[in-house]
**Q** 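Take this structure first; my questions come after.
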4 protein chains.
Amino acid sequence: MVTQPARPAPDTSRRSERSRRAIYEAALSLVAETGYPKTTIEGIAARAGVGKQTIYRWWGSKADVLLEAFLDLGEQAAEAAGHTPDPLPDTGDLAADLKAVLRATVDELLDPRFEAPARALTAEGVVNEPLGREFVAKLLEPQLQLYVDRLRSAQRAGQLRPGIDPRIALELFVSPLAQRWLQYTGPISYDYTDTLVDYALYGLAPR
Amino acid sequence: MVTQPARPAPDTSRRSERSRRAIYEAALSLVAETGYPKTTIEGIAARAGVGKQTIYRWWGSKADVLLEAFLDLGEQAAEAAGHTPDPLPDTGDLAADLKAVLRATVDELLDPRFEAPARALTAEGVVNEPLGREFVAKLLEPQLQLYVDRLRSAQRAGQLRPGIDPRIALELFVSPLAQRWLQYTGPISYDYTDTLVDYALYGLAPR
Amino acid sequence: MVTQPARPAPDTSRRSERSRRAIYEAALSLVAETGYPKTTIEGIAARAGVGKQTIYRWWGSKADVLLEAFLDLGEQAAEAAGHTPDPLPDTGDLAADLKAVLRATVDELLDPRFEAPARALTAEGVVNEPLGREFVAKLLEPQLQLYVDRLRSAQRAGQLRPGIDPRIALELFVSPLAQRWLQYTGPISYDYTDTLVDYALYGLAPR
Amino acid sequence: MVTQPARPAPDTSRRSERSRRAIYEAALSLVAETGYPKTTIEGIAARAGVGKQTIYRWWGSKADVLLEAFLDLGEQAAEAAGHTPDPLPDTGDLAADLKAVLRATVDELLDPRFEAPARALTAEGVVNEPLGREFVAKLLEPQLQLYVDRLRSAQRAGQLRPGIDPRIALELFVSPLAQRWLQYTGPISYDYTDTLVDYALYGLAPR
DNA sequence: GGTTAATCGAGACGGTACGTCAGGTCTTAAC
DNA sequence: GTTAAGACCTGACGTACCGTCTCGATTAACC
């Protein structure tokens, strides 16, 4: 939890599942429609057909609500897709596997249903450290771990120099994509991510 | 300009320089002290000893004020340091030069006077595309251009493969640092940036 | 009601009686102390220890607030004095009765607690017809009706010409006093009101 | 003058007659169109094509401007009509003369060009004693003096009891009309004013 | 007729209050 | 005991005017 309410924790067992779901949906749709700053707790409560207090009872802030709603969105997607986050593909060809995964990421980043809340939460996290850390821990880091796993496998297969730290290595192609998406520092395309993988694997200096 | 006020543009020649400076200082100090969301236009006006309307006359939003204040901060620093943004060092050793510059960047990112407004503006830009683009165009891109210049020079010197696109290449070491700083995805240190340069220049795959 | 707010009427049953009373008192005291134009809604809210919105929720304007406060003042006085507005005295001597009542009115007009809000509301009503009409209907006309009743009684007793319209007749002594008070067209005294009654009852022309 | 500005009196000889007239017209038309409270000094200046300071240089308040504008209106009307305020007609029949004059007053009170500023100034005067007194001294009292003169003439002709004070007597028919107009306490008509004259001259009590 | 000083139109300035919106707390009635 | 509803106090929003001030540019009085 980002915010630990000091008040006596309400009784979770009596919580209305109906309200919880309605709040998630209201929060996500409002952020998508009007943007994060114009999304208000009152607005979420109204659209969800819920009293304001019901939100304040269970969450500490607008950011908290949205974070949980977004996590829930991911869990629902995972459930639909077979419940466990799939590991990265491992065909033996590291470059090809990375390019494929990054191309999928490009698609996701440009999906409007994903983009609005993801941007909103990232922005909030930049300026609100606890939320930022929670966002990373619950959402980003698990994803990055999949890259770490794939890179380690590549290391065992001799496709990656043994001394390389996979946690840092992955940033060479993930972070540039993230920055372009977040900060509008450049266009995002399959070509671009393919190039990133090539540069990162084979280096910039002449061989 | 991020915001084009529809009303007839006020007369710039009669603008109070005193007020402008006071507003910059108030905005920067308030953001540093209380954070961006708790910084209000009323607060800036009060601390600057200025009427609210004087802010609304010249800027369209809190973000606009802070962006200009931050740009001004940079210009003042540049002026103090001899007026032109220095090109990156070019000792002939590309790796060493990049490591030195990134170490300096690390220092800057951790300087509290810089950090608060930079985070605030970046966060706002993530969620507010016009402002984000202006932030990049006026602040980030000029910095990145220096890397492009240095990398081209390295290309001419045969220290960089000829086919490499410098604008993409620089992201291999700049973006990871940016992401760690922005999203708290990992610690920032000289070691880390040195490693980034090594990985990027010599690649991850066995040579 | 002077102002019918278009928005959904708030729930009267949950209204805070405490706030309502505090607002009345604040409004009356501020008008008495600083005058009507310098009395602001913000000032009333602050002195009443109330949010501005609580005022805007229940009233449409400063004038509305003051009118209700003033009506309430009258009701409270009436309650203290036995709840029904006393009819005018009827000793059988019309001239004496009218003189006595007008002398009491003179005293009231010069009472500072009454004067400030009464002037303020009258002035507002001169320029704001709906409020003026409501002021008259709720405050002035009930008072004048007492004169009508007394004059009718005098008519039955043969002390007033039968053809006389009491509603007009009463204006002969009431309006001059009102005008002197409102417009500073002349001094106000017992002598003056006594004279008015004499002139009005017995006429200006030689008998 | 209602307000004596403490600052060094500006040089009257260099005053712009053009601006003065334009300000009068702007003030009167704005009050007629939008009402006194919504009439602002900025609005008057804008419509008059005049700097705000030009108003503040010569007048102390919105009320001052309007009062002078209204006085000027009267002077212009007087000038057009032969320059001296005509005395009341004196045909020898007091009742008829008074009825005629009051009928003319009824017409004037209902003339929209006159009504808006007259109401505005009266209302302001109710709540702003100095302005009220000036309004009376410069506008109302001169008019009432004409009644005094006519009543004295009637006294000499034996049509009015000798002991009657004309200054008070006139109020018996003037004040009721004034109150009905100002406070909406009743309709205004020729019948009504005729009745007032009859009641006042011949009294209410049986003869 | 040229000089000069005050007035002029304009409008930026530091302020105050406006009326609105949302935040977060609290109370009430229904379930 | 949680819920929907919503009144409450608080405080920021962005706007409108206030009355003061500073600018050139007239413009009228005086030399």
Side-chain angles (χ1 to χ4, degrees), chain A residues 5 7 10-16 18-19 22 37-43 45-46 48-58 60-62, chain B residues 7-8 10-16 18-19 22 37-43 45-46 48-58 60-62, chain C residues 7-8 10-16 18-19 37-43 45-46 48-58 60-62, chain D residues 5 7-8 10-16 18-19 22 38-46 48-58 60-62:
Chain A
R7 62 184 145 277
D11 181 344
T12 313
S13 67
R14 297 179 147 252
R15 182 168 186 182
S16 160
R18 223 163 133 324
S19 297
K38 288 198 176 172
T39 298
T40 65
I41 299 231
E42 297 209 331
V50 139
K52 271 201 286 183
Q53 198 54 39
T54 301
I55 298 185
Y56 283 110
R57 189 164 12 244
W58 301 107
S61 68
K62 181 171 65 161
Chain B
R7 64 184 138 275
D11 182 344
T12 314
S13 69
R14 310 189 51 181
R15 184 167 184 183
S16 162
R18 228 165 130 316
S19 297
K38 288 198 178 174
T39 297
T40 65
I41 299 232
E42 295 210 332
V50 138
K52 264 200 290 184
Q53 200 54 48
T54 299
I55 297 184
Y56 284 110
R57 183 154 31 232
W58 302 108
S61 67
K62 182 169 68 160
Chain C
R7 64 183 139 275
D11 182 344
T12 314
S13 69
R14 312 190 51 178
R15 185 167 184 181
S16 161
R18 227 164 132 320
S19 297
K38 288 199 177 173
T39 297
T40 65
I41 299 232
E42 297 210 330
V50 139
K52 266 200 291 183
Q53 200 55 48
T54 300
I55 297 185
Y56 284 110
R57 184 157 27 236
W58 301 108
S61 69
K62 181 171 65 162
Chain D
R7 64 183 143 275
D11 181 344
T12 314
S13 67
R14 318 193 64 171
R15 183 168 184 183
S16 161
R18 220 163 134 320
S19 298
K38 287 198 178 173
T39 298
T40 66
I41 298 232
E42 296 210 331
I44 297 173
V50 138
K52 269 200 290 182
Q53 196 57 244
T54 300
I55 297 184
Y56 284 110
R57 187 161 19 239
W58 301 107
S61 70
K62 181 170 68 160

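The structure displayed is predicted, hence computed values, not measured ones. So you know, we letter chains A, B, ... as the sequences are listed, proteins then strands, and number each from 1. Quick note: numbers below take in every heavy atom, side chains included, and nothing from hydrogens, waters or symmetry partners.
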**Q** Output the rounded distance in Å from CD (Glu42(A)) to P (dA4(F)).
**A** 15 Å

**Q** Can you measure Ile55(C) atom CD1 to dA7(F) atom P for me and round it to whole angstrom units?
**A**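 Whole-Å distance recorded here is 16 Å.
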
**Q** State whether the number of non-hydrogen atoms from other residues, nucleotides or ligands found under 6.0 Å of Arg15(B) atom CZ is greater than 12.
**A**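 Yes, enclosed.
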
**Q** OH of Tyr56(A) versus P of dT2(F): gap in Å, rounded?
**A**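 Atom OH in Tyr56(A) sits about 19 Å away from atom P in dT2(F).
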
**Q** Could you tell me, to 10°, how much the axis swings from one end of the helix from dG1(E)-dC31(F) to dC31(E)-dG1(F) to the other, five pairs per end?
**A** 20°

**Q** Polar atoms only, N or O, under 3.5 Å: list the protein pairs with nucleotides 8-11 of chain E and their distances.
**A**
from: dC8(E); atom 1: OP1; to: Ser16(D); atom 2: N; distance (Å): 3.1
from: dC8(E); atom 1: OP2; to: Arg57(D); atom 2: NE; distance (Å): 2.9
from: dC8(E); atom 1: OP2; to: Arg57(D); atom 2: NH2; distance (Å): 3.3
from: dC8(E); atom 1: OP2; to: Trp58(D); atom 2: NE1; distance (Å): 2.9
from: dG9(E); atom 1: OP1; to: Ser19(D); atom 2: OG; distance (Å): 3.0
from: dG9(E); atom 1: OP1; to: Gly49(D); atom 2: O; distance (Å): 3.4
from: dG9(E); atom 1: OP2; to: Gly51(D); atom 2: N; distance (Å): 3.2
from: dG9(E); atom 1: OP2; to: Thr54(D); atom 2: OG1; distance (Å): 2.7
from: dA10(E); atom 1: N3; to: Arg14(B); atom 2: NH1; distance (Å): 3.4
from: dG11(E); atom 1: O4'; to: Arg14(B); atom 2: NH1; distance (Å): 3.4

**Q** Tell me, please, which residues at least two apart from Lys52(B) pass salt bridge (Lys or Arg N to Asp or Glu O under 4.0 Å).
**A**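 So Lys52(B) forms a salt bridge (Lys or Arg N to Asp or Glu O under 4.0 Å) with Glu42(B).
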
**Q** Looking at residues at least two apart in the chain, or sitting in another chain, which of them share a side-chain hydrogen bond (donor to acceptor under 3.5 Å, both in side chains) with Ser13(C)?
**A** Asp11(C)

**Q** Not counting sequence neighbours, which residues clear side-chain hydrogen bond (donor to acceptor under 3.5 Å, both in side chains) with Ser16(C)? List them please.
**A**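 Applying side-chain hydrogen bond (donor to acceptor under 3.5 Å, both in side chains) to Ser16(C) gives Ser19(C).
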
**Q** Can you check the Lys38(B) NZ to dG24(E) P distance for me, whole Å?
**A** 10 Å

**Q** Within this structure, what is the NZ-to-P distance between Lys62(D) and dA16(F), rounded to whole angstrom?
**A**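 Atom NZ in Lys62(D) sits about 17 Å away from atom P in dA16(F).
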
**Q** What is the distance, rounded to the nearest whole Å, between atom CD1 of Ile41(C) and atom C1' of dT20(E)?
**A**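 Going from Ile41(C) (CD1) to dT20(E) (C1'), I get 13 Å.
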
**Q** Tell me the closest heavy-atom pair linking Lys62(B) and Ile41(B), and the distance in Å.
**A** N-CD1, 3.9 Å

**Q** Mind checking side chain to side chain contact (heavy atoms under 4.5 Å, CB included) for Ala48(D) and listing every partner two or more places apart, or none if nothing turns up?
**A**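 If we apply the side chain to side chain contact (heavy atoms under 4.5 Å, CB included) test to Ala48(D), skipping adjacent residues, the hits are Ala22(D), Ile23(D), Ala26(D), Val50(D).
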
